[in-house]
Structure formats: C-alpha cells, structure tokens
Amino acid sequence: MLQSKLFTKTRKEAPVDEVAKNARLLIRAGFVDKLQAGVYTYLPLGLRVLKKIENIIREEMDNVGGQEIFMPSLQPKENWLATGRWDTMDDLYKVSDTSGRENALGPTHEEVVVPLVKQFVSSYRDLPFSAYQFQNKFRMELRAKSGILRGREFMMKDMYSFHTNEADMMAYYEKMKGVYARVFERAGICAKTFLTFASGGSFSKYSHEFQTITPAGEDTIYICDKCCLAVNKEIIEEQKNSCPQCGGRNLREETSVEVGNIFELKTKYSAPFNLSYKDEEGKDQTVIMGCYGIGLGRMLGTVVEVLGDDKGLVWPESIAPFAVHLVELGGAYDATVRAEAEKIYNEFTSADVEVLWDDRDLRAGEKFAESDLIGIPLRVVVSAKTLTSGKFEIKDRATGEVSMVDHSELFKIRHSKF
Ligand code: ATP
Ligand code: MG
C-alpha cells in the first residue's frame with residue numbers, strides 16, 4: 001500500500017485525556033480513534049492488526065473443530081430473565097424501543113447460543129460440538145481508563161462447547177488450555193503470559209485465565225516459576241498462599257491483564273433453558289457446557305503495552321499491519337529513486353510480502369520517526385545513496401539494529417529473520 005493514499009495521519013501528540021500507553025501510542029500512530037470513553041474506531045492500520053489476530057484465533061478454533069457462527073447483539077429480555085442475569089448483571093446495557101420492548105446489548109452470548117443449540121440437539125448422537133464467533137460485546141464498565149484494554153464496546157471471540165458428560169467437557173477444556181497458549185505464542189506475548197487459576201464461580205472450583213504481565217493490567221497474580229503457572233489474587237487465600245500444582249510458597253507477585261478466560265459452565269446455562277438430550281437408554285440428560293473467551297482488542301492492546309517502546313509501536317510479524325516499511329527518500333524529486341523504490345515494492349509484493357511504501361514528500365527525519373512510531377518489523381530505505389552504493393539500509397524495529405545489505409541479501413534477510 002502507498003502511504004500517500006492512507007487517509008489517516010500520525011499525530012505528534014497523544015490526546016491529553018488518554019492516559020493508557022496502548023491508546024496513546026495507537027492513536028498517535030493512527031491505528032485507532034476514540035469516539036468516547038471505552039469506545040474506539042479501528043482505522044485501516046489498526047484493523048489490519050485486529051484481523052490478523054482474528055485469523056490466528058480462527059485457525060486455532062477451527063483446529064479443535066470449532067464451527068464459526070455470528071449471533072446478534074440485540075437480545076430479548078426474556079432470555080436474560082430466564083438465566084436471572086437481567087437483574088443480577090450490573091454491567092448489562094438495556095435498551096428499549098418505542099413499543100416498550102426491552103433488549104439487552106449482549107455482554108456475552110450464553111443467552112443466545114443455548115436456545116439456539118436447543119433447536120438442533122435432541123440425542124447423544126448430536127454431541128459433542130463447539131461453536132464460536134467474533135462479535136462486539138457491550139459492557140457498562142465503570143472505569144474505562146485503560147484504553148482498548150477495557151472497552152465498553154469491544155470485540156471478543158467467544159466459543160461454547162456442548163457435551164454429554166463432564167469428562168468429555170473436561171477433556172476439551174484441557175485441550176483448550178494448549179490452544180490458548182498457542183494463540184498467545186503466535187501473537188508474540190507467550191513469554192509474559194501465564195495460565196492462572198481463578199475463581200470458578202458457583203459451578204466449579206476454578207476457572208482458568210491467561211494473564212499477561214504488564215503494569216497496565218488491573219489484576220494481581222502470584223506466579224510459581226517452578227510450575228510456570230499463576231494464581232489470581234482473588235483466590236490466593238483460598239489456595240493458602242501456595243501453588244495449586246506443587247504446593248510451593250515461593251510465589252512472585254505481578255500486575256497483569258487477563259487476555260483470555262476459560263470456564264467449565266457445566267449445566268449453569270443449559271439447565272435454565274432445559275437444553276437436554278436423550279442418552280443411550282432414552283433418558284433425558286442435561287447438556288454439559290464449557291465456554292472460552294478472548295478479547296481481541298485487549299490482546300492487541302496488551303501487545304502494545306508489552307512490546308511498545310519510547311519510539312512507538314513494535315509489532316511481531318505475525319500480527320504486524322505490514323511486514324516491510326519501504327521508506328523512499330527523495331523520490332519526489334528523483335525519478336531514479338522512485339523507480340528503484342517501485343521495483344523493490346513490486347518484488348516484495350509478488351513474493352506475497354505486505355509492504356507499506358512511504359512515497360510521501362517529507363524529510364528523512366520525519367519519515368524515520370513515523371516509521372518507528374508505526375512499528376512495522378523491517379524498515380528498508382531506498383535513496384540516492386542506494387543507487388550509487390548498491391546497498392539498502394535496513395532496520396530491525398524490535399532490536400534497532402541497522403545494517404547495509406545488497407539486493408540479494410535484502411530478500412534473504414527478510415526470510416531468515418521473520
Ligand atoms: P475483566 O475481569 O478484565 O473485566 P472479565 O473476566 O469480565 O474481564 P470475561 O467475561 O471473562 O471478562 O471475558 C472474556 C475475555 O474478554 C477476557 O478474558 C478479556 O480478554 C476480554 N474482555 C473482557 N472485558 C473486556 C473489556 N471491557 N474490554 C476489552 N476486552 C474485554
Ligand atoms: Mg474473565
């Protein structure tokens with residue numbers, strides 16, 4: 001893509017009312033825009049990152065047999081009365097129309113997915129399966145000061161699994177722990193992300209969260225380095241201040257953000273809707289469920305918090321908006337520079353490498369500062385010097401390492417490094 005065609009621009013300063021690092025950087029770099037507290041627009045660069053995260057998650061959910069669906073946000077009050085959550089969920093947005101009909105704006109989708117699935121499940125032969133979606137959730141969050149980490153409207157992947165018995169659900173649940181670990185590994189935050197024991201609500205002892213260490217988080221966890229897992233502060237007392245796996249008390253306290261959460265729901269939502277199946281003896285049994293959430297914007301914001309530096313954003317290639325930032329210097333005045341930049345652009349593009357080509361007429365310093373702010377993994381400079389020396393200056397955004405390479409090395413380096 002040509003940077004001159006991008007309708008968004010970077011900004012010198014972050015908005016004064018934005019305190020979170022993730023939002024300050026993302027707004028300055030032109031990835032998101034704030035409409036109001038906790039409500040953000042994804043701009044072309046930001047949406048490219050969000051879609052890459054979405055695709056990673058989609059691949060991993062499809063690998064465990066998840067079937068993608070898309071459920072509505074506007075959800076009838078009756079469904080929420082059935083589970084009791086119309087009256088108990090503090091952060092539920094309620095809307096009514098002129099006829100007086102009331103709806104919830106979905107903060108989660110059990111109240112939709114369970115009645116939906118009920119139409120298709122009658123026998124043990126119809127189970128197990130899982131369905132997931134990417135859908136905006138609405139929650140009346142009291143504090144929305146963490147940028148895109150805590151939205152009032154935010155994108156979530158929510159998956160629901162349906163089973164004949166607890167053992168089957170637990171086997172799937174265990175598998176999901178590995179699937180989630182892979183998602184966070186692919187997005188470049190696994191080194192700081194810990195499987196965390198958290199309160200399970202009334203139906204199971206624990207749920208499991210995936211918590212990423214960052215000062216921007218709102219949670220406190222206690223990490224057992226021996227077992228490489230953690231306990232949320234909310235249940236640490238119940239755990240007698242020890243690791244649930246080895247019993248060790250050598251725990252390290254950290255501030256973290258919850259990027260994902262998996263729950264054994266068992267019959268919590270299937271029972272109120274009477275979602276049941278006939279077992280092999282023809283007896284009615286309640287369906288057993290699990291659910292599995294990941295906040296996409298929260299994940300994106302967490303990557304920014306963890307990897308971003310004083311110069312700007314730093315993207316791992318797996319989710320970067322582009323793989324290469326081709327910075328042309330002087331091309332507006334020098335047709336040979338422009339032609340060389342175009343040649344490199346076309347070569348990368350034909351090799352399926354996504355390139356943002358800065359073809360604008362700006363000073364080198366400005367272009368470099370902006371390139372650092374946007375955070376594309378590899379910067380390649382084409383200038384008059386390139387033409388005389390035959391060498392391209394490249395910079396690895398994450399390490400800051402700069403080197404001069406010739407044309408053949410340029411392509412080799414990209415492949416070996418990323
Ligand atoms: P928190 O405790 O941080 O409010 P939660 O436990 O209420 O989150 P869940 O209901 O478990 O959240 O939602 C599943 C996932 O959705 C979370 O693990 C998180 O990644 C994401 N998420 C939850 N609330 C928000 C929010 N307000 N903005 C962005 N992402 C969110
Ligand atoms: Mg949670």
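Read the numbers this way: they start at 1 and go in the same order the structure lists the ligands and their atoms.
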Give the atoms of ligand 1, by number and element, whose distance to some non-hydrogen atom of [X] is under 4.0 Å.
{"X": "Gly151", "value": "26 (C), 27 (N), 28 (N), 29 (C)"}
{"X": "Glu141", "value": "24 (N), 26 (C), 27 (N)"}
{"X": "Asn261", "value": "11 (O), 18 (O)"}

*Applying side-chain hydrogen bond (donor to acceptor under 3.5 Å, both in side chains) between Gln211 and each of Asp219, Thr302, Asn261, Thr220, report the one that passes.*
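By the side-chain hydrogen bond (donor to acceptor under 3.5 Å, both in side chains) criterion, Gln211 pairs with just one of Asp219, Thr302, Asn261, Thr220: Asp219.
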_Ring centres under 6.0 Å, that's the criterion: do Tyr173 and His208 meet it?_
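For Tyr173 and His208, the ring centres are under 6.0 Å apart.
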*Where is the tightest heavy-atom contact between Met155 and Gln135, given as atom of each residue plus distance?*
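Result for this residue pair: SD-N, 3.4 Å.
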*Where do Pro72 and Val112 come nearest, in terms of heavy atoms and distance?*
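Heavy atoms of Pro72 and Val112 come nearest at CD-CG1, 4.2 Å.
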*Mutual orientation of the aromatic rings belonging to Tyr93 and Phe138 [parallel < 30°, tilted 30-60°, perpendicular > 60°]*: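 It falls in the perpendicular class, over 60°.
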Closest non-hydrogen protein atom to [atom], residue and atom name please, with distance?
{"atom": "atom 16 (O) of ligand 1", "value": "Met156 CE, 3.5 Å"}
{"atom": "atom 2 (O) of ligand 1", "value": "Glu258 OE1, 3.7 Å"}
{"atom": "atom 24 (N) of ligand 1", "value": "Phe154 CZ, 3.4 Å"}
{"atom": "atom 3 (O) of ligand 1", "value": "Arg298 NH1, 2.8 Å"}
{"atom": "atom 7 (O) of ligand 1", "value": "Arg139 NH1, 3.1 Å"}

*Could you check if a side-chain atom of Arg125 sits within less than 4.5 angstrom of a side-chain atom of Glu280, using non-hydrogen atoms only?*
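A side-chain contact under 4.5 Å is absent here.
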With a 4.0 Å heavy-atom cut-off (strictly under), which part of [X] contacts ligand 1: side chain, backbone, both or neither?
{"X": "Arg150", "answer": "both"}
{"X": "Met299", "answer": "neither"}
{"X": "Leu149", "answer": "backbone"}

*Give a yes/no answer: is there an N/O/S atom of Asn261 under 2.8 Å from the Mg ion (ligand 2)?*
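Within the cut-off used here (under 2.8 Å), Asn261 does place an N, O or S atom near the Mg ion (ligand 2).
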*Are side-chain N/O atoms of Ser276 and Asp284 paired as donor and acceptor at under 3.5 Å?*
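Side chains of Ser276 and Asp284: no pair found under 3.5 Å.
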*At the 4.0 Å heavy-atom cut-off, does Val259 count as touching ligand 1?*
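It does, in that a heavy atom of Val259 comes within the 4.0 Å cut-off of ligand 1.
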*asked:* Against ligand 1, does Gly297 come closer than 4.0 Å with any heavy atom?
replied: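 So Gly297 does not count as touching ligand 1.
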_I want to know if ligand 1 touches Gly295 in the polar sense, i.e. an N/O pair below 3.5 angstrom._
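Checking ligand 1 against Gly295, an N or O pair does fall under 3.5 Å apart.
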*asked:* Ring of Phe368, cation from Arg379 - is the NZ or CZ under 6.0 Å from the centre and inside 45° of the axis?
replied: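 The answer is yes; both the distance and angle limits are met.
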*Considering only N, O or S atoms of Glu258, the one closest to the Mg ion (ligand 2)*: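 The Glu258 atom nearest to the Mg ion (ligand 2), restricting to N, O or S, is OE2.
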*Check whether more than 12 heavy atoms from other residues, nucleotides or ligands sit under 6.0 Å from atom NZ of Lys226, and answer yes or no.*
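Count not over threshold, so no.
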*Asn250, CG: over 12 other non-hydrogen atoms inside 6.0 angstrom*: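 Counting other residues, nucleotides and ligands, CG of Asn250 stays at 12 neighbours or fewer.
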